[in-house]
Amino acid sequence: MVVKKSLFWAFVYAALVFMLFFNLIPFFWMTSSSLKSDYEVIDYPPTILPEKVTFGAYTRMWSQEQFFRYFINSIIVSSSTAFLSSLVGVFAAYGFSRFFFWGRTSLMTIFLASQMIPGVLLVGPYFKLLSYVELYDTLTGLILSQTTITLPFSIWMLKGYVDTVSDEIDQAAMVDGASRLRICLSIVLPNILPGLVATIIFAFLLSWGDLLWALCLISDQTKQTMTLGITQLVGQFRVQWSEIMAATVI
């Protein structure tokens, strides 16, 4: 029995180590390639470690004025998306958790089902809608679009945390004269802070790594994000691999 248990845990740890290396190898290769020269990064057979470490790719990326603009645009879009989806998500989650109304379960199911719709099917309608309200090719339009994508999951995630806060606390606060808004902000919110942080990180990363929405809703080069800017390093006759890897590491 002891031998079987030991073999089981040995298999579990071996599988975890394999998964760890499997997931870290792309990051290692990306970092290693970003420290190689333009000739070494495309040399064959490829070298695992750079023969001569150089930070030329990083220097060239940061020296480009547009790259810094892409970086700032991504910060603005991702931070705004995370803030809006989390702010609205907190109040929506509190409402779904504390109030019982007709269609409550169905609406939550619709929120969850919306995450299964491929984004490529929604780009067309979003493009026409933003063009109609004159928000196409603006960071505001991109922020609102990405917020609608991250908001349903944010509500689902935060509702689970709000459910863990006892409703009796709300009732005790209302006896003392606290309003629903005061209860949500002063009592519930501090208790679900870890969940709120996780939701903010989720929304930020989802927006930061987006390419489809930025590609379809932004055409002005000065308003492009990091992911869209990196794709411009892939030319018709040459791919700047060291710069791409350096930009991806950043």
Side-chain angles (χ1 to χ4, degrees), residues 4-64 66-75 77-79 81-82 85 115-120 123 146 149-150 153-154 157 194-195 197-216 218 224-250:
K4 289 184 178 180
K5 189 175 181 179
S6 300
L7 290 175
F8 170 76
W9 283 110
F11 173 78
V12 169
Y13 283 117
L16 290 174
V17 169
F18 172 77
M19 292 174 61
L20 177 66
F21 279 100
F22 183 80
N23 285 278
L24 289 181
I25 283 175
F27 291 96
F28 168 78
W29 188 259
M30 175 179 65
T31 305
S32 176
S33 298
S34 69
L35 299 174
K36 296 178 181 178
S37 63
D38 293 338
Y39 297 101
E40 185 181 358
V41 76
I42 60 174
D43 194 18
Y44 186 84
T47 55
I48 298 178
L49 295 174
E51 295 178 356
K52 183 180 180 181
V53 176
T54 175
F55 294 93
Y58 292 93
T59 303
R60 290 192 295 272
M61 291 307 303
W62 280 117
S63 62
Q64 297 180 18
Q66 293 296 336
F67 182 77
F68 183 73
R69 188 183 298 274
Y70 299 152
F71 190 84
I72 297 300
N73 289 341
S74 288
I75 289 290
V77 172
S78 301
S79 300
T81 299
S85 62
Q115 301 298 293
M116 304 177 187
I117 303 176
V120 68
V123 168
Q146 293 189 358
I149 302 302
T150 59
F153 187 82
S154 298
M157 196 169 182
V197 172
T199 303
I200 292 174
I201 293 175
F202 160 78
F204 183 90
L205 293 179
L206 192 64
S207 176
W208 182 271
D210 168 70
L211 174 62
L212 175 65
W213 295 93
L215 179 63
C216 297
I218 296 292
Q224 293 179 352
T225 57
M226 278 275 291
T227 51
L228 198 55
I230 291 176
T231 61
Q232 297 181 6
L233 298 174
V234 180
Q236 182 178 1
F237 301 103
R238 179 172 179 261
V239 180
Q240 303 177 48
W241 284 114
S242 56
E243 284 86 348
I244 289 177
M245 295 301 178
T248 308
V249 170
I250 294 172

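Numbers for residues simply follow the sequence, beginning at 1. Note that the structure is a prediction, hence the values are computed from the model and not measured.
Between Phe153 and Leu206 there is no side-chain heavy-atom pair separated by less than 4.5 Å. The closest side-chain heavy-atom distance from Phe28 to Leu49 is below 4.5 Å. Looking only at side-chain heavy atoms (C-beta outward), Thr225 and Asp210 stay at 4.5 Å or farther from each other. A heavy-atom distance below 4.5 Å is found between the side chains of Glu243 and Asp38.
Here the CD1 atom belonging to Ile25 is positioned 9.5 Å from the CG atom belonging to Leu20, to the nearest 0.5 angstrom. One finds the OG atom of Ser242 at 7.5 Å from the CD atom of Gln240 (value rounded to the nearest 0.5 Å). One finds the CH2 atom of Trp9 at 9.0 Å from the CG atom of Leu16 (value rounded to the nearest 0.5 Å). For the atom pair OG1 of Thr248 and CE of Met245, the computed distance is 6.5 Å after rounding to the nearest 0.5 Å. To the nearest 0.5 angstrom, Thr199 atom OG1 is 4.5 Å from Met157 atom CE. The distance from the CD1 atom of Ile75 to the OG atom of Ser207 is 10.0 Å, given to the nearest 0.5 Å.
Across every non-hydrogen atom of Met226 and Ser74, the tightest pair is N-OG, 2.7 Å. What you find for Trp29 and Ile48 is that their closest heavy atoms are CZ3-CA, 4.0 Å. Taking every heavy atom of both residues into account, Ala57 and Ala246 meet most closely at CB-CB, 3.8 Å. Heavy-atom minimum distance, Lys36 versus Pro50: CG-CB, 3.6 Å. Minimum heavy-atom separation, Thr231 to Thr227: CG2-O, 3.3 Å. Of all heavy-atom pairs between Ala247 and Met61, the closest is CB-CE, 3.9 Å.
A tilted orientation is assigned to the rings of Phe55 and Tyr58, their planes being inclined by 30° to 60°.
Applying the side-chain contact (heavy atoms from CB on, under 4.5 Å) rule to Asp43 yields no partners; only residues at least two apart in sequence or on another chain are considered.
Checked against the 6.0 Å centroid criterion, the rings of Trp62 and Phe71 qualify as a close aromatic pair.
Evaluated for a side-chain contact (heavy atoms from CB on, under 4.5 Å) with Val249, the options Ile244, Thr31, Leu35 yield exactly one hit, Thr31.
Around CH2 of Trp241, the count of heavy atoms belonging to other residues, nucleotides or ligands within 6.0 Å does not exceed 12.
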Quiz item: Taking it one step at a time, do Gln66 and Gln232 satisfy side-chain hydrogen bond (donor to acceptor under 3.5 Å, both in side chains)?
Solution: CA-CA 11 Å; Gln66 293 296 336; Gln232 297 181 6; over 6 Å; no

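Under a 3.5 Å cut-off, the side chain of Glu51 and the backbone N or O of Glu40 do not form any donor-acceptor pair.
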